[in-house]
Colleague: 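Provided herewith is a single structure, encoded as structure tokens, for subsequent inquiry.
Hydrogens, waters and symmetry mates are skipped; everything else that's a heavy atom, side chains included, is used.
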Amino acid sequence: MVDLVEQNSGPGAGLYACAPCREQRGLKPVAEQAHEVAYRDYLLHTTDCEGCSRIGRCDVGGRLRDIYQKALDGAA
């Protein structure tokens, strides 16, 4: 899977590309894209961190959120 297509209503869809097409077009699997890696790191941290809650984030959680946001901005 190289991309996710979000929809306003109903389920989204995954876009897939074979290895030769990924190489030819410079596509990265979703799991290796910077925003996905950053989001995974952020979620792993906030799930186990006592300092992170709905009210706020600890220093590390805040930095991970900022990294994720920058990666999202770069992916757009």
Side-chain angles (χ1 to χ4, degrees):
M1 185 165 43
V2 294
D3 201 3
L4 298 169
V5 178
E6 302 288 336
Q7 297 183 5
N8 290 336
S9 64
L15 296 177
Y16 295 84
C18 64
C21 288
R22 286 194 314 265
E23 185 176 323
Q24 182 182 32
R25 293 173 175 82
L27 302 171
K28 285 186 177 182
V30 168
E32 295 174 13
Q33 293 176 15
H35 64 285
E36 290 295 326
V37 172
Y39 186 60
R40 194 169 42 241
D41 291 344
Y42 173 66
L43 279 182
L44 287 173
H45 172 80
T46 57
T47 299
D48 295 330
C49 178
E50 292 181 17
C52 291
S53 67
R54 286 181 175 219
I55 298 170
R57 303 280 176 255
C58 74
D59 290 341
V60 172
R63 285 194 300 273
L64 288 170
R65 185 198 61 218
D66 292 345
I67 291 167
Y68 169 57
Q69 188 62 51
K70 285 180 185 176
L72 268 181
D73 293 344

Colleague: Indicate yes or no for a side-chain donor-acceptor contact from Gln33 to the backbone of Asp3 under 3.5 Å, with no hydrogens or angles considered.
Modeller: no
Colleague: Side-chain contact test, heavy atoms from C-beta onward, threshold under 4.5 Å: evaluate it for Asp41 versus Val37 and give yes or no.
Modeller: yes
Colleague: Indicate the atoms forming the closest heavy-atom contact of Ala71 with His35, along with that distance.
Modeller: CB-CA, 3.6 Å
Colleague: Between atom CD of Glu36 and atom CE of Met1, what is the distance when rounded to the nearest 0.5 Å?
Modeller: 8.0 Å
Colleague: Which pair of non-hydrogen atoms, one from His45 and one from Cys58, has the smallest distance, and what is that distance?
Modeller: NE2-SG, 3.2 Å
Colleague: Within a strict 4.5 Å, meaning less than it, do heavy atoms of the Gln69 and Tyr42 side chains meet?
Modeller: no
Colleague: Once rounded to the nearest 0.5 Å, what's the spacing between atom OH of Tyr68 and atom CG of Asp73?
Modeller: 10.0 Å
Colleague: If you compare all heavy atoms of Val2 against all heavy atoms of Leu27, which two are closest, and at what distance to 0.1 Å?
Modeller: CG1-CB, 4.1 Å
Colleague: Start with the C-alpha gap between Leu44 and Asp48, add the side-chain angles, then the distance that decides, and say whether side chain to side chain contact (heavy atoms under 4.5 Å, CB included) holds.
Modeller: CA-CA 7 Å; Leu44 287 173; Asp48 295 330; 6.0 Å; no
Colleague: Considering only heavy atoms from C-beta outward, does the side chain of Arg57 approach that of Cys49 to under 4.5 Å?
Modeller: no
Colleague: Are Tyr16 and Val30 linked, directly or through intermediate hydrophobic residues, by side-chain heavy-atom contacts shorter than 4.5 Å (ILVMFWY only)?
Modeller: yes
Colleague: Sequence neighbours left out, what passes side-chain contact (heavy atoms from CB on, under 4.5 Å) with Asp66? Give chain and number order.
Modeller: none
